[in-house]
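Below, chains carry the letters A, B, ... as their sequence lines are ordered, and counting in each starts from 1.
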Amino acid sequence: MNTYHNSFIHTLKEAPNDAEVISHQLMVRAGMIRKVASGVYSILPLGQRVFNKLNRIIHEEMMAIGGAECNLPHVVPAELWKSSGRWDQYGKELLRLNDRSDREFCFGPTHEEVITDLVNAYVNSYKQLPVLLYQIQTKFRDEIRPRFGLMRGREFLMKDAYSFHDSEASLQDYYDSARKAYSTIFTRCGLSFIEARADSGAIGGDESAEFLVIADSGEDEVLVSESGFAANVEAAPCLDINVTHDISNIAPLTMVDTPNVHRIDDAVGFFSVAANQTLKSLLVVVNDVFSLICLRGDHVLNESKISALLGGPFRFATEAEIQAHCGCKSGSIGPINLQLKISIYLDHSLKSFSHYICGANQTDAHFQYCVPQRDIPTFVWADLRNAEAGDPCPLDSSNTLTSQRGIEVGHVFKLGNKYSEAMGAKFTQHDGQLKAFEMGCYGIGVGRTIAAAIEQSHDENGIVWPEALAPFDVVILNLAPKEPALVDLVKTMVSHFETMGKDVIVDDRVESPGVKFKDADLIGFPMQVIVGKKTLVQQQIEIKYRRTGQKEMVSINELDAISPLVK
RNA sequence: CGGGGUAUAGCGCAGUCCGGUUAGCGCACCUGUUUUGGGAACAGGGGGCCGCAAGUUCGAAUCUUGCUACCCCGACCA
C-alpha cells in the first residue's frame, strides 16, 4: 500500500525564495524536486512518479510510430563531436571533461553525433531504411542562466529521437508522423499547446517546428493568426510592403549636432519624433566581412535572418571596428558617408515612411530628412527584423498577427544531411551509389513539460494535475488513522481502486485534518476520498474532485459505485 | 561575461551599521497531555564551524581582504 510515509512525501509551507515561477514554487513545496546546484535538481519520489507517467505516454506514442528505444552514453568522446565540427562550434554550453589520461570528452547535450555514428556502423543499404531510434535520457547543457526550476535547468531529462532515410520524401513522412505523435502526446497530457514554425538554431537543418504550451510565464513569443499561421518570433517572416511616397517636397539631408544622443530613445526625445521615424544602423561582421544593417528604430533585429542573409553566424562589430568603418562611436552610426565601402541592407519596413532620423557617422551628430532611396548610395532591401504583433500575417495579409507566450516543450527538425555529410555517414542506394543519410531529429523536454503542465493548471491551493500526469489518481485521507474500522475500510478502498487500475495513496499520518486537506490540495491529486469518524457514524464517504472542488457523499455500502473518474 | 544582491538549523527570516553573556524567532522535527472535518493548544526538548580562508582585536556572525556558492538584471548595442 502506498502511504505518505513510504512514498517519501515532504511538503513545505513556504517555498524557497529563489523560486520565481509558480511551477517551481509548487514543485518544491509539494516535495517533487530539490535543488542540488544551480540548474541541477534531485527528483523526489513524488516527482519521479510524474516523470514516469509522462515517460510512459512518450514511450507509447514513439512506439506507435515505429520508434525503437535505445540508450546512448552521457559521456561522449570529443572525436565524435569533432567529426561533425560541433566541438568547436558549440561553445561554453558544452560541458567538457577530461579523463585520467587527459582524453577529451563532453557530457552530451544532444546526441546527433553518437546516433549517426551508431546507425552508420550498421546500416549500409537503402533496404535497411528508414530507421527511427529514440531514448529518454538526462542531458547537460551549461546554460548561460539556468532558471525557473525544471523549466530551464542545466541537467534535464529529454526524449530525443533520430530518424534516418534514403530520401527527402521518406524524411518528410517521418517528420509529419513525429509531429502527429507530438500532438497526441501533449493532448494526452491535457495540455493546451500550439505547433509553430521555428528557427532551427544550434541544431541546424532545413525546417523545424516547435510545440509550445501556452503560458504567460513562457520564455518564447509566438505569433499566430486566424489563417492558421503560427511561428516563433525568431522564425516569422515579415512581408515586404508596397508603399511609395512623394519625396519631391522633403527637405534636403541636414546634419544636426546631437550631443549625448546615442540611443533610439534619445533621438526620439531630441527630435520629438516617433521611434518608427528613426533609422537605426548596426555594424555586423561575418567571416571578417562587414555589413551595415538598417532597421526602423522601433524594430528588433532578427539574428537568424541576418545570418542567413550574410551566409554565416554574425557578430556585432567592436567599438574599434566601428571607429574604423564609420569614423565615429557606436551610437552615431548611419548608412551615409561611411569611411569604408561596405554592403548596406535596409529592412523592408523602412518603406513605411518617407524620411528618417539616422546617425551621421560623426560622433554626436545625426541626419534629419534621410530619404533612403535619395540619400543612401547603394543598398539592398531585405527582411531583417523580428516580426511582431500587429504585423500582417505572412500567409494572408488581410489577417494580423497576435502574440502569445509559450513554453517550448518539443521541437522537431528536418536535419537533412548536415550531420551525415559532415561525418561521412552513407548508405548504398538502389543504383549502387553512396548517399548521405537524410536525417530528422525530434526532442521533448520531459521536466519542462511537467513544469509547463503546472504553469497551466494550478490554483491558489496548489497543483491541479491533469489526470494523465498525476503522481497518484486517488488520495485517501484517513482523518482518524487510529480507528481500526477505518483502517479496514481504507484497505478495502485501496484494493477497489487498484483493481480498477488506479494509483492510490493513503494519507495515514497522525496529523490534524487541516494539514491533510492542505497537502492533498497542494500536491493536486485529482480525486480525494475522505474518511473520518463521521464516516462511521453516517456510513458515508466523502469524495472531492480537485479540479472543480465538487464534493459528493457515497454510502459505504455502495463502494463499488465509486468511480475514480474526475468530474 | 558585465552590473546588482545574498550567504545565520531542513525551509522562511532577525541580529551585522555601532565588535562584548550561552546566536534568536516562525515553520518543520522529538517527548508528553489535551485535541481531531480545512495548516490545533499547552509544557518540555533536540538541532548551528553564523559560506570558506586569512587578517585586525583582549574578544568577530558583526570590521578588513581574498575566495566560493547562490539569486536577480543585462548581454538586441548603435
Inset, instruction - Would you kindly give the CD1-to-C1' distance between A:I523 and B:G39, to the nearest whole Å? - result: 13 Å

Inset, instruction - Mind checking A:A15 for me? I need base, sugar-phosphate or nothing, with any heavy atom below 4.0 Å counting as a touch. - result: sugar-phosphate

Legend entry - Selection from B:A40, B:C76, B:A78 that lies nearest to any side-chain heavy atom of A:S330: B:A78

Legend entry - Listed partners of A:D142 passing salt bridge (Lys or Arg N to Asp or Glu O under 4.0 Å), at least two apart: A:R154

Inset, instruction - Decide whether A:S403 and A:E221 meet the rule of one side-chain donor and one side-chain acceptor closer than 3.5 Å. - result: yes

Inset, instruction - Mind checking A:L477 for me? I need base, sugar-phosphate or nothing, with any heavy atom below 4.0 Å counting as a touch. - result: nothing

Legend entry - Sugar-phosphate only, base, or nothing, as touched by A:T535 at under 4.0 Å among non-hydrogen atoms: base

Inset, instruction - Counting heavy atoms from C-beta on, name the nucleotide in B:C76, B:A75, B:G38 closest to the side chain of A:K518. - result: B:G38

Inset, instruction - Figure out the CZ/P separation between A:F314 and B:A75, and round it to whole Å. - result: 13 Å

Identify all side-chain donor-acceptor contacts of residues 517-537 of chain A below 3.5 Å with residues at least two apart in sequence or on another chain.
unit_1: A:D519; atom_1: OD1; unit_2: A:T11; atom_2: OG1; d: 2.9
unit_1: A:D519; atom_1: OD2; unit_2: A:T11; atom_2: OG1; d: 3.2
unit_1: A:D519; atom_1: OD2; unit_2: A:R509; atom_2: NH1; d: 3.1
unit_1: A:D519; atom_1: OD2; unit_2: A:R509; atom_2: NH2; d: 3.0
unit_1: A:D521; atom_1: OD1; unit_2: A:Q528; atom_2: NE2; d: 2.6
unit_1: A:D521; atom_1: OD1; unit_2: A:K544; atom_2: NZ; d: 3.1
unit_1: A:D521; atom_1: OD2; unit_2: A:K544; atom_2: NZ; d: 3.3
unit_1: A:T535; atom_1: OG1; unit_2: A:G532; atom_2: N; d: 2.7
unit_1: A:T535; atom_1: OG1; unit_2: A:G532; atom_2: O; d: 3.0

Legend entry - Nearest to side-chain heavy atoms of A:P513, which nucleotide of B:A78, B:U36, B:C11: B:U36

Legend entry - N or O in side chain of A:S512 less than 4.0 angstrom from B:U36 OP1/OP2: no

At a cut-off of 3.5 Å, list every protein nitrogen or oxygen paired with a nitrogen or oxygen from nucleotides 69-71 of chain B, distance to 0.1 Å.
unit_1: B:C70; atom_1: OP1; unit_2: A:S38; atom_2: N; d: 3.1
unit_1: B:C70; atom_1: O3'; unit_2: A:K35; atom_2: NZ; d: 3.1
unit_1: B:C71; atom_1: OP2; unit_2: A:S38; atom_2: OG; d: 2.9

Inset, instruction - Please tell me which of the listed nucleotides, B:C76, B:G12, B:G39, lies nearest to the side chain of A:P16? - result: B:G12

Legend entry - Length of the CD-P vector between A:Q25 and B:G12, whole Å: 12 Å

Inset, instruction - Please state whether the rings of A:F353 and A:Y356 are parallel, tilted or perpendicular, taking 30° and 60° as the class boundaries. - result: perpendicular

Inset, instruction - Map A:L282 and A:N461 onto RNA chain B by nearest heavy atom, then report which one ends up closer to the 5' terminus. - result: A:N461

Inset, instruction - Return yes if a side-chain donor-acceptor contact under 3.5 Å exists between A:T138 and A:H74, otherwise no. - result: no

Please enumerate all protein N or O atoms sitting under 3.5 Å from an N or O of nucleotides 26-33 of chain B, with distances to 0.1 Å.
unit_1: B:G26; atom_1: N2; unit_2: A:E14; atom_2: OE1; d: 3.3

Legend entry - By side-chain hydrogen bond (donor to acceptor under 3.5 Å, both in side chains) - contacts of A:S23 (at least two apart): A:E455

Legend entry - Sugar-phosphate only, base, or nothing, as touched by A:L12 at under 4.0 Å among non-hydrogen atoms: nothing

Inset, instruction - Using distance alone, with no hydrogens and no angle criterion, decide if A:E319 and A:S330 have a side-chain donor and acceptor under 3.5 Å apart. - result: yes

Inset, instruction - Can you figure out which of B:G10, B:A78, B:G74 approaches the side chain of A:I144 most closely? - result: B:G74

Inset, instruction - Figure out the CG/C1' separation between A:L479 and B:U35, and round it to whole Å. - result: 14 Å

Legend entry - Whole angstrom value for the distance that separates P of B:U36 from CG of A:L486: 15 Å

Inset, instruction - Please state the C1' separation for the pair B:C50 and B:A14 - nearest whole angstrom. - result: 13 Å

Legend entry - Those residues that, when tested against A:H348, pass side-chain contact (heavy atoms from CB on, under 4.5 Å) (two or more places apart): A:D240, A:K351, A:W381, A:D383

Legend entry - Side-chain donor/acceptor contact of A:R29 with base of B:G39 under 3.5 Å: yes

Inset, instruction - Using a heavy-atom cut-off of under 4.0 Å over every strand shown, decide if A:K544 touches base, sugar-phosphate, or nothing. - result: base

Inset, instruction - Please work out if A:G532 contacts a base, only the sugar-phosphate, or nothing of the nucleic acid, heavy-atom cut-off 4.0 Å. - result: base

